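The shown structure was predicted, so the numbers you read here are calculated from the model rather than taken from an experiment. For the numbers below, each heavy atom of this structure counts, side chains included, while hydrogens, waters and symmetry mates do not.
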Amino acid sequence: MERRASIFTILILVICLLFWNLNKNFGAIFDYNNNEITKKEAFSGPVFELMTTHYDLHDPISISSDTAFNDTAYLEGWSGNGTASNPYIIENLRIQTSSGSAIGIRYTSVHFKIINCLLITGGIGFTNTSHFTIFNCTLFESGVYLTCGGNGSLISNELIDGRINIDRSDYVLIANNTITTSKTGVSLNALYFKSLNIVDYPEYIKMINNTIHCTDNYGYGVQLNDVPYATIVENQISGYGCGIWGDLFNSTISYNHIFDNIREFGGAGIQIWGDYINISHNLIHNNSQHGISCGLSDSFIHNNTVNNNEIGIIITSGHRNIILQNSLLTNTQNGLHLKSSHFGAIENNTFIDNGYYGLYLESAVANQIQWNKFLNNSPFESSQAYDDYKGVSSNNFTQNQWSDWCKPDVDGDGFVDQPYLIDGQANNTDLFPLFNCTITDSSYPTTSTITHTSRSSYSQSHDHTSEYSSYFTKSTATTETTSQSSFSRTDNLSSFWSLFLLIPTFGILIYFRRKK
């Protein structure tokens with residue numbers, strides 16, 4: 001009896017050792033941020049086979065109608081009946097294919113969800129498909145492709161070397177996803193919407209709280225092609241040739257963190273064209289060319305922090321734009337550059353330590369420049385702003401603060417007694433420079449203290465419709481909400497394996513204790 005107990009004791013120790021080794025290896029698989037092993041390397045080999053045992057191995061799925069969906073659901077034993085209150089559930093599947101889609105669904109209107117699936121190389125392809133949710137899935141060397149569909153959500157998924165492509169579809173929510181790729185991360189295409197009344201489409205697409213990273217400064221983090229009514233907020237985009245690129249209208253780009261987008265000829269944080277755009281509260285830094293490069297009209301650019309780029313913000317051929325309360329810091333060239341842009345308002349912005357001019361006006365007329373702060377810009381020039389308009393300029397500089405022209409104010413009216421001279425052929429002046437010699441480096445934020453602040457941490461209202469009601473007709477109604485805390489990913493199955501091994505272990509110990 002003692003010999004048998006010893007044998008089983010040794011067996012228990014061996015099982016515990018195997019469990020410890022498995023758990024150690026499993027943890028290392030997903031610790032790719034600490035360079036223990038890359039995620040791509042993890043998707044092969046015996047450890048990968050072992051760690052994916054909680055998925056059900058399945059052949060590719062192809063469905064081409066509502067009837068076929070109903071029949072397939074019955075044969076597969078999927079829960080649900082395809083209604084909004086009881087959607088079909090496709091879950092816990094592992095599908096790998098060398099060609100075509102791992103899950104391909106076409107011409108359906110039933111409601112369904114794809115949950116916690118592992119898709120390798122094949123990806124998800126939808127055509128004329130609506131009422132779907134893709135949640136908590138991992139896609140490796142594949143992506144999600146939606147054509148002529150909508151009313152769907154992609155939430156808390158991870159794409160490794162893959163992309164999301166939305167083509168001629170509407171009412172799509174993309175939230176809390178992680179995309180790591182060597183090519184474009186998200187592509188949004190909506191060419192045919194141009195011919196429609198844009199008021200009919202108050203919410204075309206939403207991108208909220210996604211992390212999109214490129215491994216080799218190629219392509220675009222988010223590529224836009226004639227996209228109406230897009231909402232792109234609280235995303236982190238880095239490592240691309242350009243962070244956000246394309247043309248759109250009646251859209252919002254806010255509270256994003258966009259950085260390290262670099263390429264040999266170019267490399268901008270945001271490069272867009274369009275009308276009625278709200279670009280606000282973004283942190284944009286360390287891009288090889290411009291922080292924001294745009295051709296916009298009737299748009300609102302406010303409360304952005306743009307630092308350590310080549311040019312902070314450049315607007316080309318844009319009209320009637322409001323540029324308000326931005327911080328343009330330590331850019332190697334100009335802080336703000338207007339080129340052939342007219343009838344705008346530049347107010348309450350802060351320009352600090354930009355290598356060329358804080359503000360550069362090139363063939364720009366009829367702009368109002370007031371209540372801005374200029375500190376230590378253009379150290380090798382005689383002025384911190386430039387106006388090159390040939391002839392009598394209609395750009396109006398008034399009541400700005402200039403760190404190199406802050407006194408005297410003998411008559412005590414709050415203005416420096418002599419006008420501030422603006423460089424350039426326009427021979428422009430600020431007739432009423434503000435008297436304030438207390439503005440120093442310590443008066444302004446420094447790049448070392450700049451952090452990205454998410455929208456949720458602001459107590460103020462973020463419906464800016466009232467601020468630019470004369471420009472925007474955009475509806476701010478929200479039909480879908482998402483909370484990051486309501487979604488969770490569980491990559492480590494140690495708790496499952498602990499329970500699996502612990503129960504028989506205690507059973508064996510109790511058995512031998514009773515035998516004794």
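Shortest non-hydrogen contact noted between L139 and G143 is CD2-O, 3.5 Å. When all heavy atoms are compared, the tightest approach of M207 to N235 is O-ND2, 3.2 Å. Annotation for N136 and N157: closest pair N-OD1, 3.1 Å, computed over non-hydrogen atoms. Contact between L173 and I155 at its shortest, heavy atoms only, is CD2-CD1, 4.2 Å. The shortest heavy-atom contact between S383 and I422 is OG-CA, 3.7 Å. Across all non-hydrogen atoms, the minimal contact from H281 to N304 is N-OD1, 3.3 Å.
Using a distance-only test at 3.5 Å, with no hydrogens or angles considered, no donor-acceptor pair links the side chain of D247 to the main chain of W273. Under a 3.5 Å cut-off, the side chain of D413 and the backbone N or O of F415 do form a donor-acceptor pair. Put simply, the side chain of S340 never gets that close to the backbone of S317: no donor and acceptor are under 3.5 Å apart. In this structure, T180 contributes its side chain and I160 its backbone to no donor-acceptor pair below 3.5 Å. Between the side chain of S327 and the main chain of T305, no donor-acceptor pair closer than 3.5 Å is present.
The shortest side-chain heavy-atom distance between N165 and D167 falls under the 4.5 Å cut-off. By the 4.5 Å heavy-atom criterion applied to side chains, I301 and L324 are not counted as neighbours.
For the residue pair E347 and Q370, a side-chain donor N or O sits within less than 3.5 Å of a side-chain acceptor on the partner. Using modelled atom types and a 3.5 Å distance limit, the side chains of N309 and Q289 yield no donor-acceptor pair. With hydrogens and angles left out, the side-chain atoms of H302 and N348 include no donor and acceptor closer than 3.5 Å. At a cut-off of 3.5 Å, with distance as the only test, no side-chain donor of Q325 or T350 sits close to an acceptor on the other residue. Side chain to side chain, S254 and S280 meet the donor-acceptor criterion of an N or O pair below 3.5 Å. For the residue pair D260 / N286, no side-chain donor-acceptor distance below 3.5 Å is found, with atom types taken as modelled. Defined by atom type and a distance below 3.5 Å, a donor-acceptor pair is present between the side-chain atoms of N396 and Q368. W371 and N400 share no side-chain donor-acceptor pair at under 3.5 Å.
With respect to N377, the side chain to side chain contact (heavy atoms under 4.5 Å, CB included) criterion is satisfied by exactly one of W402, Y356, F351: F351. Checking I174, T211, I237, V186 one by one against I179, the side chain to side chain contact (heavy atoms under 4.5 Å, CB included) holds for a single residue, V186. The only option from N308, D353, N307 that meets the side-chain hydrogen bond (donor to acceptor under 3.5 Å, both in side chains) definition with T330 turns out to be N308.
From I272, atom CD1 reaches atom OG of S299 across 7.5 Å, with rounding to the nearest 0.5 Å. Atom-to-atom distance recorded for E362:CD and L338:CG is 10.0 Å, nearest 0.5 angstrom. For the atom pair I166 CD1 and N189 CG, the distance stands at 9.0 Å (nearest 0.5 Å). With rounding to the nearest 0.5 Å, the separation of NE2 in H319 from NE2 in H342 is 5.0 Å. Atom CG in N367 sits 7.5 Å away from atom OG in S341 (nearest 0.5 Å). Rounding to the nearest 0.5 angstrom, the gap separating the SG atom in C242 from the CD1 atom in I270 is 8.5 Å.
Listed by chain and number, the residues in a side-chain hydrogen bond (donor to acceptor under 3.5 Å, both in side chains) with D423 are Y357, S382 (sequence neighbours excluded). Residues satisfying the side-chain hydrogen bond (donor to acceptor under 3.5 Å, both in side chains) test with H290, not counting sequence neighbours, are none.
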Derivation of the ring-ring contact (aromatic ring centres under 6.0 Å, His included) call for F132 and F126: CA-CA 10 Å; F132 62 86; F126 293 160; 5.0 Å; yes
Step-by-step ring-ring contact (aromatic ring centres under 6.0 Å, His included) determination, F249 to Y276: CA-CA 6 Å; F249 55 99; Y276 307 103; 8.7 Å; no
Test log, rule side chain to side chain contact (heavy atoms under 4.5 Å, CB included), inputs E141 and L119: CA-CA 9 Å; E141 289 188 345; L119 307 176; over 6 Å; no
Working for side chain to side chain contact (heavy atoms under 4.5 Å, CB included), residues D417 and D409: CA-CA 5 Å; D417 293 334; D409 178 20; 3.8 Å; yes
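For the pair D161 and K183, the salt-bridge criterion is met [side-chain N within less than 4.0 Å of a carboxylate O].
If you look at Y240 and Y220, their ring centroids are not closer than 6.0 Å. Between Y360 and Y386, the ring centre distance stays below 6.0 Å. A centroid separation of 6.0 Å or more is found between the aromatic rings of Y420 and F397.
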